[in-house]
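Single-structure report; data block below.
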Amino acid sequence: MPAINVNSMKKTKKNFTVKEDFRHGLRDGLPIALGYFAVSFSLGIIMKNIGMSPGQGFLFSLLDLASAGEYAVLQVIAADAPYIEMVIVLLVTNARYLLMSTALSQKFSQDTPLLHRFAVGYGVTDELFGLGINYKGWLSPWYYYGALGFSAFMWALGSAGGIVAGNILPERLVRALSVALFGMFLAIIIPPSRTDKAVAATVAAGFLLSFVCEQVSFLHMSGGTKTIVLTILIAAAASVLCPRADDEIEQEAEHEA
């Protein structure tokens, strides 16, 4: 996560109007919105397979802007697991957004109203966080709203579109499209695994232990419970066995700042 040198920021606001900030946010958020539509379309296929309607899928994605979080919850729904398991899965898979929101809050000037801070917190996704954290000077809430509003709409629209397509397309094609989401996850984990041995070991441990839980009868558990248990265990083990030195983190922060 890039460090934020607050003292080096401009202490005055940019001379942009609300309209200009919002328009710039729409412009910069366009590539993110298009990418979200493609990814959420695959989520829509999964939603269709568990019996959700296009309206339900649209609202579901609009209220939960998290690809991994949504996928995990969909697995819990498909397994007809209890609500408490769904809540825990959401907390575990989306815990990183707490840290990202804290970092992003430092980009706002001190006189930014609390209401704006809460509104921005609705959609601190990985991509929008990157957009906001790299904004020059104090972050304008209206700039973020422009990027967030369009992206959130396209994310929800893609989910609804995937459900509609799943009801129309042949069953074989629907099954093929449902695999696309796994391709996105591979695209996320493979690049860092190639450059960081600790990340590679963590990913390998996740695959191995997930396989073991499926094959050993007394370790078998629902998909949601398995996600919770393995995430906590592997993350805890990695933090103990492969801690990151302070100077390494500082060097990365200086490089990214």
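By convention here, the first residue in the shown sequence is residue 1. Atom set for the values below is all heavy atoms of this structure, side chains included, hydrogens, waters and symmetry mates excluded. All values reported here derive from a predicted model rather than from experimental measurement.
- Within the 3.5 Å criterion, the main-chain N or O of Gly123 finds a donor-acceptor partner in the side chain of Tyr144.
- By the salt bridge (charged side-chain N to carboxylate O under 4.0 Å, His left out) test, Glu127 pairs with no residue at all, sequence neighbours left out.
- Between the OH atom of Tyr122 and the CG atom of Leu63 there is a distance of 6.5 Å, given to the nearest 0.5 Å.
- Annotation: the span from Leu26 atom CG to Asp21 atom CG amounts to 11.0 Å, rounded to 0.5 Å.
- The distance from atom OG of Ser40 to atom CD1 of Ile46, rounded to the nearest 0.5 Å, is 11.5 Å.
- Summarising the geometry of Met100 relative to Thr125, their closest heavy-atom pair is CE-O, 3.6 Å, with the distance given to 0.1 Å.
- Between the side chain of Lys48 and the main chain of Leu43, no donor-acceptor pair closer than 3.5 Å is present.
- A continuous path of ILVMFWY side-chain contacts below 4.5 Å connects Tyr143 to Val18, so both sit in one hydrophobic cluster.
- Using a 4.5 Å cut-off between side-chain heavy atoms of Ile, Leu, Val, Met, Phe, Trp and Tyr, with links allowed through other members, Leu90 and Val87 fall into different hydrophobic clusters.
- A side-chain N or O of Ser109 and one of Thr112 form a donor-acceptor pair less than 3.5 Å apart.
- In this structure, the side chain of Glu85 does not engage the main chain of Pro82 through any donor-acceptor pair within 3.5 Å.
- Nearest heavy-atom pair, Ala66 versus Asn94, reported as atom, atom and distance to 0.1 Å: CB-OD1, 3.5 Å.
- Both Leu148 and Ile133 are members of a single hydrophobic cluster when ILVMFWY side chains are connected at heavy-atom separations under 4.5 Å.
- Atom OH of residue Tyr36 and atom CG of residue Leu128 lie 4.5 Å apart, to the nearest 0.5 angstrom.
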Using a 3.5 Å cut-off and no angle test, enumerate the donor-acceptor pairs between side-chain atoms of residues 151-162 and protein atoms at least two apart in sequence or in another chain.
from, atom 1, to, atom 2, distance (Å)
Ser151, OG, Ala147, O, 2.7
Trp155, NE1, Glu70, OE2, 2.7
Ser159, OG, Ser61, OG, 2.5
Ser159, OG, Trp155, O, 3.3

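- The two atoms that bring Ala72 and Val89 nearest to each other are CB-CG1, 3.3 Å, heavy atoms only.
- Here the closest non-hydrogen pair linking Val164 and Pro54 is CG2-CG, 3.7 Å.
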Next on the checklist: For Ile77 and Phe60: C-alpha separation, side-chain torsions, deciding distance, then whether side chain to side chain contact (heavy atoms under 4.5 Å, CB included) applies.
Outcome noted: CA-CA 12 Å; Ile77 294 174; Phe60 182 90; 4.2 Å; yes
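- Taking the six-membered ring for Trp and thresholds of 30 and 60 degrees, Trp142 and His116 have ring planes more than 60 degrees apart, a perpendicular arrangement.
- In the hydrophobic cluster analysis, where Ile, Leu, Val, Met, Phe, Trp and Tyr join through side-chain heavy atoms closer than 4.5 angstrom, Leu62 is grouped together with Leu74.
- Residue Leu65 comes nearest to Tyr97 through the heavy atom pair O-OH, 4.2 Å, listed as atom of the first residue, atom of the second, then distance.
- Phe211 and Leu233 fall into different hydrophobic clusters, where Ile, Leu, Val, Met, Phe, Trp and Tyr side chains are chained together by heavy-atom contacts under 4.5 Å.
- The OH atom of Tyr135 lies 10.5 Å from the CZ atom of Phe108; values are rounded to the nearest 0.5 Å.
- Between Ile50 and Ala78, the shortest heavy-atom distance links the atoms CG2-CB, 3.6 Å.
- For the side-chain contact (heavy atoms from CB on, under 4.5 Å) test, residues two or more places apart in sequence or in another chain that qualify with Arg27 are His24.
- Rounding to the nearest 0.5 Å places CG of Asn134 at 8.5 Å from CZ of Phe129.
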